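So the structure is just underneath, and the comments pick up after that.
Given the structure is predicted, the values throughout are model-derived calculations rather than measurements. In what follows, every chain begins at residue 1, and chains take the letters A, B, ... in the order their sequences are listed.
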Protein chains: 2
Amino acid sequence: MNDTHHAAPPSTLLDVARQAGVSPSTVSRILNGTARVSDDKRDAVLAAIAHMKFAPNQMAQGLKKGRSMTIGIVVQDISSPFFDESLRGVDDGLKGTGYASVIVSGHWNAQEEEDRIRLLLARKVDGIILLSGRISDQSVLDFSQQRPIVSTGRQIATHNAIGFKMDNEYGAYLAVRHLIELGHRRIAFVAGPSNNSDAAERLTGYEKALREADIALDPKLMAEGDFHEASGMLAMNHLFDTQQQFTAVFAANDLSAYGVRLCLYRKGIRVPDDISLVGFDDLPGSSYTTPPLTTIRQPLYDIGRIATEALLALINGEAVQAAIPPLELVVRETTRRVR
Amino acid sequence: MNDTHHAAPPSTLLDVARQAGVSPSTVSRILNGTARVSDDKRDAVLAAIAHMKFAPNQMAQGLKKGRSMTIGIVVQDISSPFFDESLRGVDDGLKGTGYASVIVSGHWNAQEEEDRIRLLLARKVDGIILLSGRISDQSVLDFSQQRPIVSTGRQIATHNAIGFKMDNEYGAYLAVRHLIELGHRRIAFVAGPSNNSDAAERLTGYEKALREADIALDPKLMAEGDFHEASGMLAMNHLFDTQQQFTAVFAANDLSAYGVRLCLYRKGIRVPDDISLVGFDDLPGSSYTTPPLTTIRQPLYDIGRIATEALLALINGEAVQAAIPPLELVVRETTRRVR
DNA sequence: CTGTTAGCGCATTCAG
DNA sequence: CTGAATGCGCTAACAG
């Protein structure tokens with residue numbers, strides 16, 4: 001079973017010290033730039049390091065320094081374009097810092113999310129970024145006693161935990177107002193899951209825009225989805241099955257807008273000629289749908305990037321001053337003036 | 001600057017031992033099930049653990065046991081649906097194993113990829129999964145001297161490194177044959193980057209299918225893209241600009257097919273009525289394009305999952321027997337018989 | 001400028 | 001069944 005000839009036993013700092021004829025501390029000093037070292041010794045050590053392809057054992061370093069040089073990222077779905085775009089921001093934010101990240105998923109389940117966070121804490125991550133968590137603010141605050149935490153989707157600000165929150169209500173309001181300005185008055189809404197706070201806020205924005213335009217809210221024009229494509233399609237089918245009349249649809253996120261789009265295609269309804277469609281998020285794929293999707297742009301990449309920079313600041317005890325770009329309407333080609 | 005009242009100083013195994021009135025070794029034994037312990041002491045220890053919310057420091061454990069319980073994943077683009085779908089497979093494969101993963105990106109650059117791998121090795125990951133690497137097989141073999149490696153896209157099999165390879169040529173052949181069977185003879189090809197081996201193999205498959213049907217290869221019908229949407233659109237524009245005639249397009253991957261689709265939409269060309277389109281990958285989004293994309297299904301999720309199981313087996317010195325489902329044609333709605 | 005010493009938190013001999 | 005002692009690989013005083 002077990003092969004034992006794995007070759008090249010990883011060399012240690014001690015090996016390097018011996019080979020270079022110096023003490024371990026000298027090697028350590030050179031590695032960390034902790035103190036001045038004479039040129040000849042330095043050269044010898046560097047040569048030994050290169051020769052043995054030595055790289056310090058990060059677990060040992062971490063144990064000693066109390067810093068793992070690792071941060072934890074909690075997402076809810078590791079293969080959703082929504083999270084992945086932010087992860088790219090995190091990745092870029094970490095570039096050149098020496099930090100690596102371990103990514104875990106809460107799968108939209110509060111219990112699992114807490115378990116994962118505990119796992120990260122046991123791994124001694126130096127900080128945590130929470131992307132769209134389900135757990136309570138209080139939990140976050142509790143966890144932040146152990147390690148600094150940056151979270152999206154919540155309004156917190158302590159010495160060890162900060163949160164960024166997008167104004168979902170405003171975004172939805174922008175989307176619907178755009179439709180209203182184009183002359184639409186019968187505007188259907190494919191909502192997100194009611195137990196999701198972002199979804200709830202977007203609903204509020206929808207309502208607000210209608211109210212402001214003196215358009216009566218019609219519950220029959222609203223169908224709940226779950227933020228995925230299939231649910232958008234289902235919701236739309238339901239609207240048609242119940243004979244609703246409308247000239248526009250606002251989907252609570254781009255993914256469900258894709259589903260709506262497919263339903264419309266199946267029914268031979270043209271977009272935007274017959275019906276206008278607006279999404280929310282502006283996922284990378286939304287500029288390449290047919291036709292390109294009008295949507296509310298959420299700065300996903302920036303969120304990841306800024307959260308990372310904020311966390312690094314927290315870790316280093318620096319003051320954090322983070323500003324995330326606001327949501328904005330991106331008019332593409334799925335909306336047009338009602339005839 | 002630095003706040004020092006971070007509260008709840010993480011308790012150690014020694015703290016637990018003291019609180020329970022036993023020796024550290026006893027606590028360790030209970031934690032690891034290493035030896036029998038009397039019930040009363042066990043209860044006391046368990047109580048102390050619960051009371052102090054103790055969780056063993058994984059860095060210390062790792063240093064001691066020589067196992068970090070972490071595996072490294074190397075992708076090329078952290079926010080590409082292609083990789084993310086495989087990452088989901090990895091995530092599921094790791095579930096319940098106690099392993100966590102640190103994901104790094106090589107950004108399609110061999111040098112960066114090697115650097116990242118060295119980083120992972122320095123972090124003492126217990127194994128590495130390489131998703132579509134750019135580095136040479138020899139490099140992989142060299143790295144595998146230090147830790148087991150499972151890689152996709154290559155044909156290797158040593159005691160410490162195994163590779164899984166999809167038959168890209170066959171997949172492309174399937175795609176083009178499908179088009180030919182529908183009566184198409186002027187089939188354009190939007191290739192992938194020529195320095196990418198998958199792309200090269202897909203080109204070979206395209207050529208093979210044409211040859212088999214006695215259709216002369218027309219270089220003017222081929223345009224090189226880079227696997228991204230924009231390049232698909234550009235390539236298609238180029239084909240139109242140079243007045244090429246064709247009734248079908250085979251795009252080397254789904255992303256570029258999306259770009260092709262948009263170009264066609266812009267020109268008012270209907271799919272599949274005027275032109276048929278086939279992609280490659282079957283990304284999650286491809287069932288929701290308008291119309292849903294006919295493509296070659298690549299078992300992305302399974303690849304991640306199976307690679308993970310294989311790696312875990314390698315780590316544990318078990319025999320690995322992995323079989324990845326073959327590529328298959330998924331006929332959806334972007335292809336139809338030529339009129 | 002440099003070597004010696006002492007742990008970081010834990011698992012594992014080795015005695016009892 | 002259980003405690004004392006030792007060391008994983010590295011850094012940080014502490015002396016020179």
Original post:
Side chains of D40(A) and S38(A): is there a donor and an acceptor less than 3.5 Å apart?
Top reply: yes
Original post:
Is D91(A) paired with R88(A) through a side-chain N to carboxylate O contact shorter than 4.0 Å?
Top reply: no
Short heteroatom pairs, N/O only, protein and nucleotides 13-16 of chain D, under 3.5 Å:
| unit_1 | atom_1 | unit_2 | atom_2 | d |
| --- | --- | --- | --- | --- |
| dA13(D) | N6 | R29(A) | NH2 | 3.4 |

Original post:
What do the steps show when you test D142(A) against Q138(A) for side-chain hydrogen bond (donor to acceptor under 3.5 Å, both in side chains), and what is the final call?
Top reply: CA-CA 6 Å; D142(A) 290 347; Q138(A) 189 52 53; 3.0 Å; yes
**OP:** Could you check H107(B) against D77(B) for side chain to side chain contact (heavy atoms under 4.5 Å, CB included), going step by step and ending with a plain yes or no?
**Re:** CA-CA 6 Å; H107(B) 297 107; D77(B) 181 349; over 6 Å; no
**OP:** State, yes or no, whether a side-chain contact exists between I303(B) and I324(B) at a heavy-atom distance under 4.5 Å.
**Re:** yes
Original post:
Nucleotide range of DNA chain C contacted by chain B, 5' to 3', under 4.0 Å to a heavy atom?
Top reply: dG9(C) to dT13(C)
**OP:** Name every residue in residues 34-43 of chain B that has at least one heavy atom under 4.0 Å from any atom of DNA chain D, in order of residue number, or write none if there are no such residues.
**Re:** R36(B), V37(B), S38(B), K41(B)
Original post:
NA contact type, L13(B), heavy-atom cut-off 4.0 Å: base, sugar-phosphate, or nothing?
Top reply: sugar-phosphate
**OP:** Check whether any side-chain N or O of S28(A) sits under 4.0 Å from OP1 or OP2 of dT11(D), and answer yes or no.
**Re:** yes
Subject >> Modelled atom types, side-chain donor and acceptor of Q111(B) and D115(B), under 3.5 Å >> reply: yes
Original post:
Heavy-atom count around K95(A) NZ within 6.0 Å, excluding the residue itself: above 12?
Top reply: yes
**OP:** Give the C-alpha distance, both sets of side-chain angles, the deciding distance and a yes or no for side chain to side chain contact (heavy atoms under 4.5 Å, CB included) between V22(A) and V37(A).
**Re:** CA-CA 11 Å; V22(A) 300; V37(A) 174; over 6 Å; no
Original post:
Does V74(A) reach the side chain of L120(A), with side-chain heavy atoms less than 4.5 Å apart?
Top reply: yes
Original post:
Do N32(A) and S28(A) get their side chains close enough for a donor-acceptor pair, meaning under 3.5 Å?
Top reply: yes
With a 3.5 Å cut-off and sequence neighbours excluded, list the donor-acceptor pairs that the side chains of residues 128-136 of chain B form with protein atoms.
| unit_1 | atom_1 | unit_2 | atom_2 | d |
| --- | --- | --- | --- | --- |
| R134(B) | NH1 | W108(B) | O | 2.9 |
| S136(B) | OG | S139(B) | N | 3.1 |
| S136(B) | OG | S139(B) | OG | 3.1 |

Original post:
What residues in residues 45-60 of chain A put a non-hydrogen atom under 4.0 Å from any atom of DNA chain D?
Top reply: F54(A), P56(A), N57(A), A60(A)
**OP:** Rounded off to whole Å, could you give me the NZ-to-P distance for the K64(A) and dG9(D) pair?
**Re:** 15 Å
Original post:
For S68(A), does its backbone N or O pair with a side-chain atom of T70(A) as donor and acceptor, under 3.5 Å?
Top reply: yes
**OP:** Would you mind reading off the distance between K65(A) atom NZ and dA12(D) atom C1', rounded to a whole angstrom?
**Re:** 11 Å
Subject >> Nearest-angstrom distance from the residue atom CD1 of I30(A) to P of dC10(D) >> reply: 14 Å
Original post:
Could you give the CG-to-P distance, from L14(B) to dA4(D), as a whole number of Å?
Top reply: 11 Å
Original post:
Closest heavy-atom contact between T308(A) and L94(A)?
Top reply: CG2-CD1, 3.2 Å
Original post:
Between the axis at one end of the helix from dC1(C)-dG16(D) to dG16(C)-dC1(D) and the axis at the other (five pairs apiece), what's the angle to 10 degrees?
Top reply: 40°
Original post:
Can we say R18(A) and D15(A) salt-bridge, meaning some charged N sits less than 4.0 Å from an Asp/Glu carboxylate O?
Top reply: yes
Original post:
Taking NZ, NE, NH1 and NH2 as the nitrogens, is one of them in R116(A) or E113(A) under 4.0 Å from a carboxylate oxygen of the other?
Top reply: no
**OP:** Kindly indicate whether the side chain of K124(B), heavy atoms from C-beta on, has any atom under 4.5 Å from the side chain of P10(A).
**Re:** yes
